[in-house]
Structures are given as C-alpha cells and as structure tokens.
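What follows is one structure encoded as structure tokens, with my remarks underneath.
Heavy atoms only: backbone and side chains are in, while hydrogens, waters and symmetry mates are out. Throughout, a chain's letter reflects where its sequence line sits, starting with A, and its residues are numbered from 1.
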Amino acid sequence: MGNVSINKLDISYDTTFILNQLDLSIEDGEFVVLLGPSGCGKSTLLNAIGGLIDTTGGSIYFDGNDVTWADPKDRGIGMVFQSYALYPTMSVEKNMSFGLRIAGVDKETIARKVDWAAKLLQLEPLLKRKPASLSGGQRQRVAIGRALVRDAGIYLFDEPLSNLDAKLRTELRLEIKKLHQKLKSTMIYVTHDQIEALTLADRIAVMKDGVIQQLDTPYNIYNKPDNLFVATFLGSPSMNCLEGTLYSNGGKVTFFSADMLLDVSDYQFMKEPDDGQHVTMGIRPEHIQTLEADKEDANLVSGVIELVEPMGSETLIWTRFTSQQTLSHSVSSELVFAKGERVNVKIEPSKCSFFDTETGFRI
Amino acid sequence: MLSILSPTNSKLASKRGSSLQMQWGRIGIYGFLLVTALFFLLPLYVMLVTSFKGLDEIRLSSIFAMPQEFSWDYWKIAWSSACTGLECSGLKVGFWNSVKILIPSVIISVMFGAINGYALSFWKIKGANILFACLLLGAFIPYQVFIYPLIRVYAEIGIYGTLTGVVVSHVIFGMPIMTLLFRNYYSTLPLELFNAARIDGAGFFKVFFVIMLPMSTPIIIVAVIMQVTNIWNDFLIGLVFAGSDNLPMTVQLNNIVNTTTGERAYNVNMAATILTSLVPLIIYVASGRWFVRGIASGAVKG
Ligand SMILES: Nc1ncnc2c1ncn2[C@@H]1O[C@H](COP(=O)(O)OP(=O)(O)OP(=O)(O)O)[C@@H](O)[C@H]1O
Ligand SMILES: [Mg+2]
C-alpha cells in the first residue's frame, strides 16, 4: 500500500489558482521529493495529499481508492510539519502516542511502538519531557517519531529539516534515508534544499508556480534538465548559460555564440535541430575541463581569468572569453590559478544541454 | 501588579539611577500614583468607617472620622435581617441567588465562547466570516434592545422568571464577547498544530478538549474574570428575567437602599454595598496577576 495518483488537481484560494491541473503519480515505496522556490505550491500540494485543504477540482487516489474528500485520519498517512507542531501540553511520549491512543490501540502495542521510535531516533532519555524543554533538533526528531509510530503507508514531510543547523541537517538527512530503506513506505518530502533533494529522492518533482516542471531521477534532473528553469534552479554553483545559434549542415551541427564556435554534433538532440535555430547552451561548471594554455584540442576556448573563488574541495574560476561571455568552471583545489592568467577550457558537447531560447524547452 | 513591574524598574534604575533627574522623575511618578490611589480609595474609606458607626454618630461626626463605638451589628443586619420591601431577611438570600446564577452562567458562557472561538478559527465552515461579523455586531448592540423580545420568547417556552431564564440570558449576552476573546486567542495558535491533531485522527471535540483547551489557561482566566464581574454586577437582566424568587444580590441591594419607610440606615446601606461588591473585588485582587498575564499573552488585542 502506498501508491499515490493525482489527476488534474486544482487548488485555488478565492480566484487565484495555486495548483492548476496538476498530475502526479507515485509508486508504492518510492521516495519523491517536491523541490521548488518559495511559494511555488509545495506545501499546498502536500496538504492536499494529506487532506488538510479542500480541492477545487481534480481527484486524488491512494492505491486506486478515491480519497479526494476523505478525512485526513482515514487516509493512512503520517505527516511531519515544517514548524514541528508538537502538542505543547503533552510530554514527548504522549506526543508520539497521541494518534495511537485515539485509534484505541492497546497499551502494550503503544509502548512497544513508542519505544521502537524512541530508540530509532535516540529520544529515549527525553520521553518524559515537554516540547518546550527540547532543542530544535530534538523537537524535529519527536515530530518525525510521532509520524513514524503511526504505521502509515504514506509519509509526508514538509521541510522537516529546514530549521536545523547544517551539521544536524546532514545527520538527520542520513537518518531519514536509512529509515526509508528500512520501512519501504512511500515518502513525499518537500524541500527547497537541492542537496537534500538530490541525496534523498528516488525521483524529484521540480515545481514552479504550481506546475511540475520535471519529474525524474536525480541524475536526469541534474544532467538532463527538461527546461531552462530546472537547469538553472539546480546546481550550486549554477549552470552556465550561453545564448547562440545552431547551424546544421549535413549531420554536422555547430553552435555559434559571439566569437565562440563549437562543434556539437556529439550532442544527442531529441530531434534534428533547425538550421539557424536560436538556442541557449547550458553547461555545468564541473563539466568544463580546464587545460593549460598551450594544449591543443577540439572545442577549445581560450580566455582570461577574472575571479578565483576557493570553495574548499574545489575552486571555482570565472573566465572571460569574449566581451559578453564569462563562464564559471571548477578545478581541483590543488591547482593554483591566478587572476589575469590565460586558460583554455574544453567544452564536451555530450555533457551540455541545449534549450530552445524562445520556449525554454530542451531540444 | 507592582511585583510584576518592579523588576524592570529596578533594572532601569541600576542602569542610569544615578542621574538626579531620574530621581525627581520617580518621586513625581510615585507622588502622582499615591494621590490617584487616595482619590479612589477615599469613598471606600468613607463607606468602611460609616458601616461601623451608629446612626447618631454618623449624624453628628464628620464622615471621615473613625468610628468611636466600633460595631459589627450593621454588617450583620445587612447580611441577615435588612428589609427588602416586605421581606426582612437581608442580603444573604440575594447572595446565594447570585451564586446560583453566577456559577452555571460563567461555566456555560465561557465554555460556549471557547468552543465557538475554536470552531471559528480552525474549522473553515462556509459562512464562518458572516457568522463572525454577526457576533461582532451583537457585541455592539445595546442589549436592552433584546429584552422585550426575549421576555416574549421566554414566556412562550415557560422559562420566564426562572433561574434557567437568567442563566440563558447571561449566556446569550456573554456569547459575542466570549467568542471574540477565544477566537482571537486561538487565531494566534499555529494552524499546523490543529492539522497535526487531525492527521493523528482527532475529531472536532477531541482536538478541542485534548489539544486546545489545555493550552487555553490564560485566556480562560481572563474570560472567567470578565464574566464573573459582569454577571455579578448585572442588575437589569436579573431584575427582568429572574423572577421574585431568584433576584440577585444587586437587585436586593437596591431594594434595601431604596426602602422608603423609616429612617435611612446609612451604616447598613454601606455594609450592604461593600458586601455586594466583595466578590468581584476578591476576584480582582486574587487573580490580578493572572489577568495581566492573560492580556499580555496577546489575548485581547484586535
Ligand atoms: N491561505 C491562503 N490564502 C491565499 N493564498 C495562500 C494561502 N496559503 C498559501 N497561499 C499562497 O499559495 C502559494 C503557495 O503556497 P505554499 O505554502 O504551497 O508554498 P511553498 O511552495 O510551500 O513555499 P515555501 O517553500 O515558502 O514553504 C503562495 O503563493 C501563497 O501565497
Ligand atoms: Mg511550504
């Protein structure tokens, strides 16, 4: 159990549509991350799946059953809220067991489940405390525990790690991933942190303005983005974008941008590009090879270093190639480059993404 | 009150207390407070001393003078044998009537207000906003307007002139302000808390009694204080709806003070008046801290 299927879902407040004709289909046991900028409707979608807001149109199915108008308690879900939402007057133990007590589960089972969750989340010493006397990370774990004891087929997480410091966030991210591997339940996880999305997800749904832009594996989302928005939203440092023109000549395709001329015949076009089509080329900094100035190779471009940003494991270099174009490319932090130095970089066409400049779609 | 204010004052004072100007400022403030307090305490003082004096002494001495022959007799008379019209059994009947009216009225109106406020702020019922607007309007319409229609309705259903009648009236008239109070309090609580409880499977009343009510202590205290003082001090509703067997203390006080036969027993009147105002007074003194805390917790804004 845990199959979710959403058909043509509309959610609107008054007259403004937050979600418009949204389709989403999630397999049993899958970990799907909803990723997108603030205000794009991630929480709204999650709340709709949880039954916490009324839908304007469309339908939601769990395992083939229409639950569009079902009460939250009848949906078999566990949910972790962004703001923890722990019951302030109850102890940690009571917080976690509240749902079970309402469901009339016997005391022994409740104790067993609470113990299990407490052990899993290392909450055992805190069971008797009230939420007010817990740290943020502890509260977060209680909130996760409260959702887990419910034995739900589907777990909904709304930015569960957003209020934590970087270290704790990494730790809990790992915990959640392990949990999913252990429980094998369906998990739908909202975040606007792309690292979280890329590390946790089986599939990522990138959202913008209430529309799912792409639903795919982290690899494809990162390496084969469907459109310019997905391409630029993911990745830090972000993808380089160059506007230019494609010339197609008997199987040989060249990309021309300002003074730059690249042979991109190796790129897998979804269909034969038009001759003279205006396109945007996207290339991630780590996919640009940096060579010394005297090396000779195909598809080499040469430029002058403008800025060097050390980032720990690697160094990001901003190089100006023509008067309008700077590209960022990363090199191992052991290599030393200085501002003003001349470098050659090699752009591998198969690692690039091409988008139609007008529509923004991948070609 | 003072115990709440003083820590901040002393902190301020230690920070820049050395300045002479501050010292004069404080003397000015305390002087002003003292004068104001005296001004408001003076009538109470006069009432107190008068209630212990015999009538002759009242007539002859200054109203500010302390009693020469101190006597509790007039308090006893006021309590158990002063005449309210034909009957002469003092205020105690009225006191117990007021208690009988007060307890159910306060409990029911606070409870209803809490449930209404909770329903209005968490359950998105269609037309909830219109309902709330009506309640707001209800809080501003002078309730005298409703009295005649209510009398007719009560007479029709047979609760006119009964304890039930007064209690129902107090609940009705207290509803708008109680609902407003609780709605404002609950709208400061996060919606996600409510959603979490719903995911956990709690229904309308379960969420209310198990989650919301235990979090409502400060606002319940404010509500109870407001209702106790309002209902205890009420005169009109008691007079109109209670019927002669259930007249509240305020009405009986009026009857005692206004009896026209014989000489005016100022001492008894004073004692009776103090007795009547004792309940709200005690409530205020005992719960002032809580009241301030409840209001400060954002309960009565907006
Ligand atoms: N009660 C409401 N009434 C009107 N508009 C609302 C309401 N709740 C949310 N919205 C709007 O719906 C849109 C989506 O909100 P939502 O909370 O789903 O965003 P989100 O993707 O979760 O953003 P974030 O990452 O900041 O949490 C926003 O533009 C928001 O302004
Ligand atoms: Mg959100």
query = Is there any side-chain hydrogen bond (donor to acceptor under 3.5 Å, both in side chains) pair reaching into residues 35-57 of chain A, and which pairs are they, with sequence neighbours excluded?
reply = A:Ser12-A:Thr56, A:Ser43-A:Asp158
key: Heavy atoms of other groups near B:Ile130 CD1, more than 12 under 6.0 Å   = no
task = Write down the atom of B:Ile199, the atom of A:Gly50, and the distance for their closest heavy-atom approach.
result = CD1-O, 4.1 Å
message = Do A:Lys73 and B:Asp200 make a side-chain contact, defined as non-hydrogen atoms from C-beta onward lying under 4.5 Å apart?
response = no
request  = Name, in order of residue number, those residues of residues 82-89 of chain A that have a heavy atom at a distance of less than 4.5 Å from a heavy atom in chain B; otherwise write 'none'.
outcome  = A:Gln82, A:Ser83, A:Ala85, A:Leu86, A:Tyr87, A:Pro88, A:Thr89
message = B:Arg198 vs A:Leu52, test: side chain to side chain contact (heavy atoms under 4.5 Å, CB included). Steps then yes/no.
response = CA-CA 8 Å; B:Arg198 284 219 292 157; A:Leu52 299 171; 4.1 Å; yes
task = Quick one: pull up CE in A:Met79 and CD in B:Glu192 and give me the separation to the nearest 0.5 Å.
result = 7.0 Å
query = With sequence neighbours excluded, what pairs up with A:Arg129 under the side chain to side chain donor-acceptor pair (under 3.5 Å) test?
reply = none
task = Using non-hydrogen atoms and a 4.5 Å limit, figure out which bit of A:Asp71 sits close to chain B: side chain, backbone, both or neither.
result = side chain
key: Minimum heavy-atom distance between A:Arg146 and B:Ala196, given as atom pair plus value   = NH2-CB, 3.5 Å
ask   = Does a sphere of radius 6.0 Å around CD in B:Gln144 hold more than 12 heavy atoms from other residues, nucleotides or ligands, not counting ones at 6.0 Å or beyond?
value = yes
message = Between B:Val210, B:Leu193, B:Leu191, who has the most heavy-atom pairs with chain A when the cutoff is under 4.5 Å?
response = B:Leu193
ask   = Are there residues of residues 116-124 of chain A that reach to under 4.5 Å of chain B by heavy atoms, and which ones?
value = none
query = Does a sphere of radius 6.0 Å around CZ in B:Phe112 hold more than 12 heavy atoms from other residues, nucleotides or ligands, not counting ones at 6.0 Å or beyond?
reply = no
